[in-house]
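Notes to accompany the following structure.
Hydrogens, waters and symmetry mates are skipped; everything else that's a heavy atom, side chains included, is used.
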Amino acid sequence: MTDVSKEQVLEQLRTVRGPDMDGNIVDLGLVSDVFISDGKAYFSITVPAERARELDPMRAAAERVVKEIPGIKAAMVALTADKRTATGPAAARAPSPPPPGRGEAHGHAGHAHAAPGQPAQRAKSGIPGVGAIIAVASGKGGVGKSTTSVNLALALKANGLRVGILDADIYGPSMPRLLKISGRPQQLEGRTIKPMENYGIKVMSMGFLVDEEVAMIWRGPMIQSALMQMLREVAWGDLDVLVVDMPPGTGDAQLTMAQQVPLAGAVIVSTPQDLALIDARKGLNMFSKVEVPVLGIVENMSYFIAPDTGNRYDIFGHGGARKEAERIGVPFLGEVPLTMDIRETSDAGTPVVVSNPEGAAAKTYRAIATRVWQELKALEGKGARGAPAIVFE
């Protein structure tokens, strides 16, 4: 197969006219960095948010012309709204938002009613067939968030729910290894992708689309584009819960999910020591600011039981996450011990919930899953929330 360069893709994209037929999308600066892997081209096109549906034919044209390049098997193209760069004539002529009560059709983002003197808020459209979307997050890496995410998803499945998991860590996807899945997803009609599956849960990850050793060097708009495609252009089917394994921190991926996806709630993972809890508070504060309910905190690596003596050791301290949950008034979901079997089964791609379902660790995860589901049901009983305003201080 002929290697295709970024310059070839950009040259082809110069044949696509910009909004209102002004210039072309490359010279107007609307195309993000182009990434090419395994014969697939990935990029996004920046447009004013309120014109996204109107300009979708431009996106389709860009996808079509890139797929005509010899050596390109597929193109993943998305429209993204980045107010810092969506300028110029096209942005200046963007129409005004529709009046209250006249949002766009189901399946597309409309506008929520804004308070006087405030900018209109974007209403967030759900994923067809998906009941609730849960973000599993942490303020820092290394606290076992992905291991918690996958065992939580499998525990929800073991509790009788239909479950999917989205690996939202573009730079360090873990799900292919944790769930022992290899290969590429099948592309269905149009742009829809069939998710991978193992242990009865549906899975999507950038790790299925890009080789494991490829370094992902993407800016914010590309991350946003990839996340939205993995959410909205995947045939998830009917799910009770979609668990989203978030990357560590409070950056582009987290804000994209909070702004554009109706998250039912977030689960925060932390280890007990003070340094980890400081970072966990950042995640808690971020979800609070964007009005996403925190379903609770999990204390991971809570303690260690020596397999030879049975003695308990609080290697990272103990009880810090529980105290933090009590301090801020959110549920404490449970303690997960630091055990050899959790580590070994995770590395082997046979998570402990499925490899040893009657073991103590699996029962702990199932109890956490039960509490998470109870919190979701309690929130549903309180009624739907309005679209949040994103506030930077």
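A donor-acceptor contact shorter than 3.5 Å is absent between the side chain of Trp236 and the backbone of Pro195. Without hydrogens or angle criteria, Asn300 side chain to Val269 main chain gives no donor-acceptor distance under 3.5 Å. At least one donor-acceptor pair under 3.5 Å links the side chain of Asp167 to the backbone N or O of Ser174. Lys73 contributes no side-chain N or O that, together with a main-chain N or O of Gly39, makes up a donor-acceptor pair within less than 3.5 Å. With hydrogens and angles ignored, the 3.5 Å screen pairs a side-chain donor or acceptor of Ser355 with a backbone N or O of Thr350. Formation of a donor-acceptor pair under 3.5 Å by the Glu299 side chain with backbone atoms of Gly320 is found in this model. With Gln12 contributing its side chain and Val65 its backbone, the two residues share a donor-acceptor pair below 3.5 Å.
A distance of 11.5 Å separates CD1 in Ile25 from CZ in Arg17, rounded to the nearest 0.5 Å. From Met196, atom CE reaches atom OG of Ser182 across 6.5 Å, with rounding to the nearest 0.5 Å. We find the CD1-OG distance between Ile36 and Ser5 to be 6.5 Å, quoted to the nearest 0.5 Å. Taken from CZ in Arg343 to CE in Met301, the straight-line distance is 12.0 Å, to the nearest 0.5 Å. Here the straight-line distance linking atom OG of Ser138 with atom CD1 of Ile268 works out to 8.0 Å at 0.5 Å rounding. Distance check: Leu154 CG to Leu179 CG gives 6.0 Å after rounding to the nearest 0.5 Å.
Note: the hydrophobic cluster containing Val372 does not contain Phe332 (ILVMFWY, side chain heavy atoms under 4.5 Å, direct or indirect links). Tyr303 and Ile368 end up in different hydrophobic clusters when Ile, Leu, Val, Met, Phe, Trp and Tyr side chains are linked at under 4.5 Å. In terms of hydrophobic clustering, with Ile, Leu, Val, Met, Phe, Trp and Tyr side chains grouped at heavy-atom distances under 4.5 Å, Ile127 and Val292 are assigned to a common cluster. Hydrophobic clustering places Ile45 together with Ile69 (ILVMFWY residues linked when any side-chain heavy atoms are closer than 4.5 Å, directly or through intermediates). The cluster map of Ile, Leu, Val, Met, Phe, Trp and Tyr, joined by side-chain heavy atoms under 4.5 Å apart, puts Ile305 and Ile342 in different clusters.
The shortest heavy-atom contact between Lys157 and Val163 is N-CG2, 3.6 Å. In this structure, Ser149 and Met175 approach most closely via the heavy-atom pair CB-CE, 4.5 Å. Scanning all heavy atoms of the two residues, the minimum distance from Ala41 to Ile72 falls at CB-CD1, 4.2 Å. Between Leu376 and Ala264, the shortest heavy-atom distance links the atoms CD2-CB, 3.6 Å. Of all heavy-atom pairs spanning Pro176 and Ser205, the tightest one is CD-OG, 3.6 Å. In this structure, Pro331 and Ala325 approach most closely via the heavy-atom pair O-CB, 4.0 Å.
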side-chain contact (heavy atoms from CB on, under 4.5 Å) assessment of Asn24 paired with Leu13
CA-CA 8 Å; Asn24 66 77; Leu13 287 173; over 6 Å; no
For Gln8 and Glu11, run side-chain contact (heavy atoms from CB on, under 4.5 Å): C-alpha distance rounded to whole Å, both residues' side-chain angles, the deciding distance at 0.1 Å, then the answer.
CA-CA 5 Å; Gln8 285 177 275; Glu11 191 59 35; 5.8 Å; no
Determine, step by step, whether Leu379 and Leu295 satisfy the side-chain contact (heavy atoms from CB on, under 4.5 Å) criterion, reporting the C-alpha distance in whole Å, the side-chain angles of both residues, the deciding distance to 0.1 Å, and the verdict.
CA-CA 9 Å; Leu379 285 171; Leu295 301 173; 3.5 Å; yes
Could you walk me through whether Ile201 and Val243 satisfy the side-chain contact (heavy atoms from CB on, under 4.5 Å) test, starting with their C-alpha distance in whole Å, then the side-chain angles of each, then the deciding distance to 0.1 Å, before giving a yes or no?
CA-CA 10 Å; Ile201 62 174; Val243 175; over 6 Å; no
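Within the 4.5 Å cutoff, side-chain heavy atoms of Phe43 are placed close to those of Val66. Annotation: side chain of Arg59 is in contact with side chain of Asp56 (closest heavy-atom distance under 4.5 Å). Counting heavy atoms from C-beta outward, Gln374 and Lys377 have side chains that stay 4.5 Å or more apart. Residues Tyr365 and Pro351 have side chains not in contact (no heavy-atom distance under 4.5 Å, counting atoms from C-beta outward). The closest side-chain heavy-atom distance from Met230 to Leu166 is below 4.5 Å. The closest side-chain heavy-atom distance from Val136 to Leu152 is below 4.5 Å. At least one side-chain heavy atom of Met58 sits under 4.5 Å from a side-chain heavy atom of Val47. Val203 places none of its side-chain heavy atoms less than 4.5 Å from the side chain of Asn198.
Judged as a salt bridge (Lys or Arg N to Asp or Glu O under 4.0 Å), the pairs with a partner in residues 237-246 (not counting sequence neighbours) are, in order, Lys145-Asp245, Arg162-Asp240. Among residues at least two apart or in separate chains, there is no salt bridge (Lys or Arg N to Asp or Glu O under 4.0 Å) pair with a member in residues 348-376.
Residues forming a salt bridge (charged side-chain N to carboxylate O under 4.0 Å, His left out) with Arg64 (at least two apart in sequence, or on another chain): none. Applying the salt bridge (charged side-chain N to carboxylate O under 4.0 Å, His left out) rule to Glu335 yields the partners Arg322; only residues at least two apart in sequence or on another chain are considered. Annotation: salt bridge (charged side-chain N to carboxylate O under 4.0 Å, His left out) contacts of Asp314 (sequence neighbours excluded): Arg312. Remark: Glu197 engages no residue in a salt bridge (charged side-chain N to carboxylate O under 4.0 Å, His left out) (not counting sequence neighbours).
A salt bridge does not link Lys323 with Glu326: every distance from a Lys NZ or Arg NE/NH1/NH2 to an Asp or Glu carboxylate oxygen is 4.0 Å or more.
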